[in-house]
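Ligands are counted one by one from 1 in listed order, and the atoms in each one are counted from 1 as well. Nothing here was measured: the structure is a model prediction, and the numbers come from that model. Heavy-atom basis, side chains included; hydrogens, waters and symmetry copies ignored.
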Amino acid sequence: MTERVFSGIQPTGVVHIGNYLGAIKNWVNLQNEYESFFCIVDYHALTVPYEPKELPERVLELGATLLASGLDPEKCTLFVQSDVPEHTELTWLLTCITPVGQLSRMTQFKDKSQGQAADSIGAGLLCYPILMAADILIYKANRVPVGEDQTQHLELTRDIARRFNNIYGETFPEVQGLFTKTARIMALNDPEKKMSKSIPGSYIALTEDEASIRKKIRRAVTATGADPNTIPPGVANLFALLEAFGGEEDAARFREDYQAGTIRYSDLKEAVAEHMLAELNPIRQRYHEIIADREGLKKILARGGEAARTIARQNLHEIREKVGLVYQ
Ligand code: AMP
Ligand code: TRP
């Protein structure tokens, strides 16, 4: 059987270097090895409050960011989820075989609904992982690159697929996660926490300008809350960034300096900035070129949508027959 990869990313604003190192860069490598589907999951973005007028712009910006980072429409199918409405029909079919208890035990659901009265929690937030399962299963994808935060959702996807196969006959393959080796990138201003778009000052956006990147790295917290016997989290984060942006040799040297007690954080930060900018400057440049040609960008996404839809339609037809929804 062909190995087919599927992954999704939400168009919810800033794409930061954590997203790039933890997800996007991995996709760029996978497109060379697998038949790959990468999806801008706009239906998922509707599960939390958002501005409808801004959503189309967010989708295009994310599309441009993914292309600028190296996704190649000749090598992978890059598309927008709502261009393939078959995802939502499969979601309904899968919703009917998914226990509410299992959905309400999902950590992400518990986190996002915490402190809210049941009457104000949207059912979309509860059903979010079924939509994710449908995204994957409608292409019968068997490899899914995600961050560790999505492990539980992948287990649910496997459960749903198994239950479907048991009830209606063998249809979906076993889904496996492809977890990135990259370290979790921590907040620059608070390195005990994960770099996140919800912590101001914690992140560097992928298309941020050079002066601003340099400034943020210079200000990165290095040595708070440290246990004297271990590398402080802010310093470990700078080492991780240096390694992730191709500065492994420099990082090895700085690690030695750290052991010897001769490290100069200003030099370490300078090296991080140089390696990061060497990779991000061309990405930013391509991003601006791509986003300036909006019609060209829309065409690329539409073409991806058509290719994805052809497969989704075929698979949904088979699924409809199995569940008894084909009458002619
Ligand atoms: P989010 O939009 O924050 O859910 O992030 C989307 C994906 O980006 C996650 O599933 C992770 O794979 C990756 N990611 C987000 N934040 C980080 C981080 N700080 N370090 C590494 N990877 C991250
Ligand atoms: N839930 C994923 C996230 O927040 C995004 C996503 C939606 C996804 N559908 C998917 C990831 C299918 C992998 C496969 O990161």
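Around CD of E51, the count of heavy atoms belonging to other residues, nucleotides or ligands within 6.0 Å exceeds 12.
For the 3.5 Å distance criterion, the side chains of H317 and Q314 fail to qualify, holding no donor opposite an acceptor. A donor-acceptor pair shorter than 3.5 Å cannot be found between the side chains of Q31 and S36. No donor-acceptor contact under 3.5 angstrom links the side chains of K110 and S104, judged on distance only. With 3.5 Å as the limit, one finds a donor-acceptor pair spanning the side chains of Y20 and E279.
Regarding atom 16 (N) of ligand 1, its nearest protein heavy-atom neighbour is H16 CE1, 3.5 Å. Looking only at heavy atoms of the protein, atom 3 (O) of ligand 1 is closest to N19 ND2, 4.0 Å. The shortest contact between atom 4 (O) of ligand 1 and any protein heavy atom is with D149 OD2, 4.4 Å. Here the protein heavy atom with the shortest distance to atom 21 (C) of ligand 1 is G18 O, 3.4 Å. What sits closest to atom 20 (N) of ligand 1 on the protein, heavy atoms only, is I185 N, 2.9 Å.
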Evaluation steps, ring-ring contact (aromatic ring centres under 6.0 Å, His included), between H44 and Y128
CA-CA 7 Å; H44 279 98; Y128 176 111; 4.4 Å; yes

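Residue contacts with ligand 1: K197 is included, with a non-hydrogen atom under 4.0 Å away.
Between M195 and ligand 1, an N or O atom pair is found at a separation short of 3.5 Å.
Every atom of ligand 1 is numbered from 1 in the order shown, and the set under 4.0 Å from a heavy atom of K194 is 16 (N), 18 (C), 19 (N). Close contacts of ligand 1 with G22, meaning ligand atoms under 4.0 Å from a residue heavy atom, involve 12 (O), 22 (N).
Distances from atom 12 (O) of ligand 1 to the heavy atoms of A187, G147, A240, S202 show the closest one on G147.
Listed by chain and number, residues touching ligand 2 at under 4.0 Å (heavy atoms only) are F6, S7, G8, Q10, V41, H44, Y128, M132, D135, I136, V144, V146, Q150.
Checked options I217, D250, N237; the residue passing with V272 is I217 (criterion: side-chain contact (heavy atoms from CB on, under 4.5 Å)).
Annotation: cation-pi pair K75/Y34 absent, no NZ/CZ under 6.0 Å from the ring centroid and within 45° of its normal. Cation-pi contact between K194 and Y203: absent, since separation from the ring centre below 6.0 Å together with deviation from the ring axis within 45° is not met.
The residue Q10 has no part lying near ligand 1, judged by heavy-atom distances below 4.0 Å.
Of the possible polar contacts, none joining the N142 side chain to the P173 backbone as a donor-acceptor pair under 3.5 Å is found.
At a threshold of 4.0 Å, the pair E318-K322 counts as salt-bridged, since one of the basic side-chain nitrogens sits closer than that to a carboxylate oxygen.
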